[in-house]
> 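Could you have a look at this structure, given as structure tokens, before my questions?
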Amino acid sequence: MSLLSINGLRVSIGAADILKKVDLTVEPGEVVGLVGESGSGKSMTALSIMRLLPHGARASGSVLFEGKELLAASETEMCRLRGDDIGMVFQEPMTALNPVKTIGEQVAEGVRWHTGAGRSEAEDRARKMLDRVGLPAARFPLSRYPHQLSGGQRQRVVIAIACALKPKLLIADEPTTALDVVLQAQILDLLRELSAENRMGLLLISHDLAVVTEMSTRIAVMHSGEVLETGEPARVLSEQRHPYTRQLALASVYVPEGRRLSSPLEGEVPPEAAEGVASALLSVENLTHDYPGQRASLFSKASSFRALDDVSFNLEAGRSLGLVGRSGCGKSTLARLVLALDTPTSGTIRFMGETVTGRKEAELRPLRRNMQIVFQDPYGSFDPRHRVERLVSEPLALLDPVPSHEKRRELVAEALHQVGMKPDDMRKYPHEFSGGQRQRLSIARAIITRPKLVVADEAVSSLDVSIRAQILDLFADLNRRLGIAYLFITHDLTVARAITDEVLVMHEGRIAEQGPTAAVLDNPQSQAARELVAAAPDLRKAIARRLQ
Amino acid sequence: MTHTATPHGFADFLARAFASRSFVLGLVITAAIALMALVSFFWTPYDVTKLVVQNRMLPPSWVHPLGTDQFGRDVLSMIMVGARNSIAVALVAVGIGMGVGVPLGCLAAARGGWQDEAVMRFNDVVFAFPALLSAIMITAVFGPGAVNAIIAIGIFNIPVFARVARAGALAIWPREFILAARAAGKGKASITIEHILPNIATMLLVQGTIQFALGILAEAGLSYVGLGAQPPMPSWGRMLFDAQTRMMVMPTLAIFPGLAIVITVLGLNLLGDGASDALDPKLAGRR
Amino acid sequence: MTAYLLNRLITGLATLLVASLVVFAVLEVLPGDPARLMLGMNATPDAVEALREQMGLNQPVPLRYLDWIGGMLSLDLGKSYTYSVPVLDLVKERVAVSLPLAVIALVLSVAIAIPVGAFAAQRRGRAGDTLSMGAAQIGVAVPNFWFALILIYIFAVWLRLVPAGGFPGWSAGVWPALKALILPAIALALPQAAILARVTRSSLVEVLGEDFIRTARAKGLPFDRVLWRHALRNALIPVVTIVGLQFSFLLAGTIIIENVFYLPGLGRLIFQAITQRDLIVVESVVMLLVASVIVVNLLVDLSYAVVDPRLRAR
Amino acid sequence: ARTDLVLGMVLEPPHLDPTAGAAAAIREVVYANVFEGLTRIGPSGEVLPALAESWTVSDDGKVYTFKLHSGVKFHDGSDFGADDVKFSLDRARAADSTNAQKGLFEAIDTVEVVDPTTVKVTLKHPQGAFLYNMGWGDAVIVSPKSADTNKEKPIGTGPFKFDSWARGSSIKLAKSDSYWGEPVQLDKAEFRIIPDASAALPALLSGDVQAFPNMPVGDSLPQIQADPRFKVVIGSTEGETILTMNNKKPPFDNLKVRQAISRALDRQAIIDGASTGLGTPIGSHFSPANKDYIDLTGTYPHDIAKAKELLKEAGLENGFKTTLKLPPPTYARDGGQVIASELREIGIDAEIIPLEWADWLKQVFTDKDYDLTIVSHVEPNDIGIYARKDYYFNYDSPAFDKVMRDLDLTTDETKRSELYGEAQKILAQDAPVGFLFELPKIGVWDAKIEGLWENAPIPANDLTKVKWVD
Ligand SMILES: Nc1ncnc2c1ncn2[C@@H]1O[C@H](COP(=O)(O)OP(=O)(O)OP(=O)(O)O)[C@@H](O)[C@H]1O
Ligand SMILES: Nc1ncnc2c1ncn2[C@@H]1O[C@H](COP(=O)(O)OP(=O)(O)OP(=O)(O)O)[C@@H](O)[C@H]1O
Ligand SMILES: [Mg+2]
Ligand SMILES: [Mg+2]
């Protein structure tokens, strides 16, 4: 008898069918990966098992846990199962913990509730469990509050809560998506150990094929509410029996057309780069940036936090420079400084031969038309109140003279065309587009003034793999056709590899390593770079390892 | 900051609002009251400035559907004209609050530093005076009257709107589209006008209906203690004040204006509720 | 935290200072002569002049301001023009009525609002929710003075359970004094409770949608327990904020309610003092009210830290 | 029977010294109860002996010799004697006196102590009303020891002594055991302050308050009258309620305009609207309760057509705009609305401006910056105010002034009656103000209480004869 066996699960909310046909089994001690695009119904499947579906959702079909029908169980019975026999870990470590209760209380609570243990006994077990997930009581006393922990540490607490009673089944819904790669690797290791230790079944939900392939004994591919195929991961992904699986797998390792060979070592140098070798487009020298800290008291001076420390690099016209590093290492700060949206504490930035630092906003205007930005968040980077035409044309105000109304419209149409969208889209509002389309609009806005440099801060991180592939294509294409140079910020090494000529590896505000992309990523020299590369999931390697 | 916290576009907001029961009910009530006030400009069953003392305190009848007051005035006519007064006072007071408070709040959010601090301290000072207290002091200086009631209530509205605008603006400023606008060379003033204001407008509108309802209650309170609209202009609060000594003889004199206040405030609150639900789809889905 | 406190304290004092200037300036331009008022229509001009001199009304304005501020610092608030007793004594007597009234009303409104709000949040979308929030909706719309009149007629006149108004003084015993405060407190509290219940509910509903609620439920805790143990405390911040704001409204409310119940409280004192141009009393009472609002806001800020450990770091 | 009593009153006294403030509320608590004067005014306005058991008047009417009761003590235990009388009268008329009615003592030339129980008062000129004046609350006898502290802790010679005062709430009196005269029946009396008209009725109905000597009862009167638990007494006051016009300010300096206004007034409607139908219409400035009263209400009867004609004669056929400044009492605020509505009928558009007492005293009474106002003149027998120069009426009539001068010099009662009649007629004809009505005094108390005054010849709540009967 399987530990968990889902047959023909259907879930609908109102008129919408969220899950259409989900079949899945998990055996004791087995790690089953559940993959699929955003919105394919992965989380809903997990919540159905927990019977924690949102208000108004109706589930049918069958979910058997150790032979017991969960869909028919009463709320009291479910309460007995949850936390005791089935544990669950959620995606967002930042918000998954109650901010007003100590971590000790939160771990012990489930223990006390299910076992009726006394306070001290429960705390004892909580302490052991926290120790087990790598939060030893000596350094992380039970009286800590969640806000006193980092994201990775919080996720460990969430895992401790879920595993405190040694459940038979652990459901982990994107347990590492919000974490950086190094932390992700640590958490995944932890989960693997815990499952092996107690012969715990683990249902691991992720959109990252590489992660799932590394971790699972079996994977299930989901698409719009259906499980398309299940099987041994390497086989499923290499055979790609289902067209969707194929699409997914290809997109995950996608490298844009024409970039594969574009390493400067082997020919085909972008056109403009060849000419203007003499002067760098962007040059950053000894850049340092401090954020003011909180004042400890009214009279003491505020201590500051150094986010960038003596950073220097050059970027030549038409080239693509990657900036990689762990979360919080200062990547976005650097981007803001380069775009003169913030003033550095010290150091100089030169753009097209002119000093950017220390200039007034008015003096910056001529430079601004030559540097634009594309952000991570395709939703947040557009004012929802304006139409596309107005949004995309916004930087045109930088041109001198400012183009006429008709001219602007023409330029917008052209920019839209360049990113593969229709002129009609001008009259729509941002919310009428999908995430990928919105990212295209964002790029259209960035290129409308024909800039020499585009800074892309995690510009593809929030996109689904298939959409990500298209956007990467677009970037590569624009680089080729318009000669735009990129400062490409990403935490995803696959992306960096796919699109950049050179990379900078940052660590705690400093440049740890710098060089041609392939060279650095294949053969990292610094400790920081080595850690990063080691932790980064890589689908091809994972499959290869599996197939051995 | 969730992306869903601000809906996309006003049309969308309206569509969601009209799906809400409380919004529609509130709208119907509010519209009815507003209509009543409008009609009173052209027509009331009786002239409320003409006192017919012989007809004093008549119970409701066909001739006077809601009876007459101690001066023989028709209560229905007075309630109609009173609506005008309540709405005018509350509306202008909200206008003052918005007109001064929103720019202040936006300035504080845009500039930060000492300007922010100054606005917040100003808020503290105004907030430190309970509204009725400042109303009493203002009317003590300038004499009671609708205009002074408006000023008193309006002043108290300033920090309310300044706070809401500031909080709203502070939430918008770190958004990426603002950074994009700055990268496009936009200054703080034009960002505030082009991006911040449209994004906090609905929020301000919702706060507006809430303050509107509070304003009507405040006006009633002021009139009740004799500091609001002055005779011969009828007002609901005054009618209640006059009625209270006659509660046992003719309770209807107290009941009708009281109900008028309750219904109007209720209508506005329902409207505001429905609107804020529509504003925050996260909440709306959960109701 | 201490730095934060100190900071708040200093800004609070600055606010008070500005408020004192505002109050003094406003009252300075008040028309009407307290001396004439005290002596009435038949008094001769020299009698009035004699009284003005006696009351110190003939001194220059800045001097009077400094006098007043200096006096306040040494707790000497001067003598009431109309009552000719020290203002401090007068205020003390009144505070003994208004403070208990405001506190009882506040406690009452919280005690009603939180359970009702929680009840509604727990049953959101169901009949219990609709009913209790409908009632709250009406409660918010009812002017408290109107409500007070209705209470008087029901409980004092018809049922004769409590006095219709007046205050026997605490010297008459705690129970009679409390009895006199019950109706006014209810009249003040219910509309506030209605507001608070709505805030509690919506805050709770919002918190119930947070991720950590799912975490708690995934532990196997029943929904009720999750609501009370996990959601409520997190929902408390907006509730506490409103409670703080309400204090200001309660103070304002007492001005009217004390009139309806003829309670000798601060609200009525200030009302009466203004009409009688007893400026020195007005000044002191306004400052007292302003100070109490500031103190309450400070307490509210402190209570945030009690509720939410994240704010303790400040 | 019960020996305690709670009386309701609307206004709280600012303090309790009747010799240092005008507020009627002071007298309503302490007059005859705590403080006594040489004479006192009885329930129907008559002069009765009080601390003076008898007196003689010299033939020229200038020397009054008072024989005082002996064995009288102040509440603080000190003895009362002729010295106290001299002290009190001298203090009241001193230059720095803050006595609100200094005019009462203006005729006094000297006060001499003859022996401990005899005082001789010499006047500058004969004064017909001197004994009456000495019965006013402002003329009570105080002890030099407590004169300065009477405001907070009144010490008098009356049958009740001051017990306590919870400001804003109530004033308590207790029976004085050392009273010289006939002992009172009540042990305790409390004056509870109930400023809100709406609170008065519930307080009465709930039994919290057993007597309202002057109740703001409004339209609830029929209901209380129908209730056998209560006795309702509608008495008269000395309050002539008038629509004052600024006699020097155009167009009110024109007799025709004043007559027109007087004819526009429908007194009965005003009484109905402002005083719920209670109150006696008046045609001149004299109390109908006074024996010298003559009914002059027919001088300018209500007649809209005639009023319009008069305005036309005055050259104002299109009417005019003016203001009507109203002090806080109900009679003024409500009466003002009725009057404004009535004036509108003859084309006069009077804008209502409500004022607090302080503003009213400043703008209207002191600065004479007004057109029309409504107020009740509650001082007894105060027709003389029309002879005062620069009084806020701005009225000036040599004929009237002469009558007043004669009156002051006349002691003969019939002669005085005649002069009073003449004065009333002059005023009625001249219409310096619109005479409206005499303010009623609506006393409501428990049916088992006896001895409260029915009328209010002077502001007072004399409790000396009050008792509960079963
Ligand atoms: N409360 C809800 N009401 C209505 N539809 C919902 C609700 N929650 C989720 N959905 C819809 O259900 C579908 C499946 O959502 P689900 O959260 O399971 O996706 P997912 O595979 O976990 O995606 P992601 O990778 O983005 O987390 C989506 O189309 C989503 O829009
Ligand atoms: N406004 C600020 N005030 C204070 N500290 C800040 C501020 N913004 C960023 N920091 C800190 O500076 C450091 C660098 O931040 P930055 O946003 O540049 O990181 P990042 O490399 O972009 O990280 P991520 O990959 O998570 O986006 C972080 O430790 C962050 O906490
Ligand atoms: Mg999901
Ligand atoms: Mg970043």
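Every chain is numbered from 1, with letters handed out A, B, ... down the list of sequences. The model shown is predicted, which means the values in this text are computed figures rather than measured ones.
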> Between A:M88, A:Q148, A:K101, which has the largest tally of heavy atom pairs under 4.5 Å with chain C?
A:K101

> Drop me the distance from A:L52's CG to C:F223's CZ, to the nearest 0.5 angstrom.
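A:L52 atom CG to C:F223 atom CZ measures 11.0 Å (nearest 0.5 Å).
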
> I want to check something: taking the side chain as every heavy atom from C-beta on, are A:W113 and C:P222 in contact at a cut-off of under 4.5 Å?
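Yes. Closest side-chain heavy atoms under 4.5 Å.
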
> Out of A:G110, A:A162, A:C79, return the one with the most heavy atom pairs under 4.5 angstrom to chain C.
A:C79

> Strictly distance-based, threshold 3.5 Å: is any side-chain N or O of A:T95 a donor or acceptor partner for the main-chain N or O of C:D211?
no

> As an exercise, state the distance from NZ of C:K219 to NE2 of A:H114, rounded to the nearest 0.5 Å.
9.5 Å

> With a 4.5 angstrom heavy-atom cut-off, which part of C:R229 approaches chain A: side chain, backbone, both or neither?
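Contact with chain A is through both the backbone and side chain of C:R229.
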
> Pick from A:G83, A:G87, A:P99: which one has the most heavy-atom pairs with chain C under 4.5 Å?
A:P99

> Under 4.5 Å between any side-chain heavy atoms of A:L47 and C:R214, yes or no?
yes

> As an exercise, state the distance from CG of C:N234 to CG of A:N98, rounded to the nearest 0.5 Å.
4.5 Å

> With a 4.5 angstrom heavy-atom cut-off, is it the side chain or the backbone of A:I171 that approaches chain C, or both, or neither?
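No part of A:I171 comes within 4.5 Å of chain C.
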
> Quick test of your reading of the model: are C:R217 and A:E75 salt-bridged, counting only N-O distances below 4.0 Å?
yes

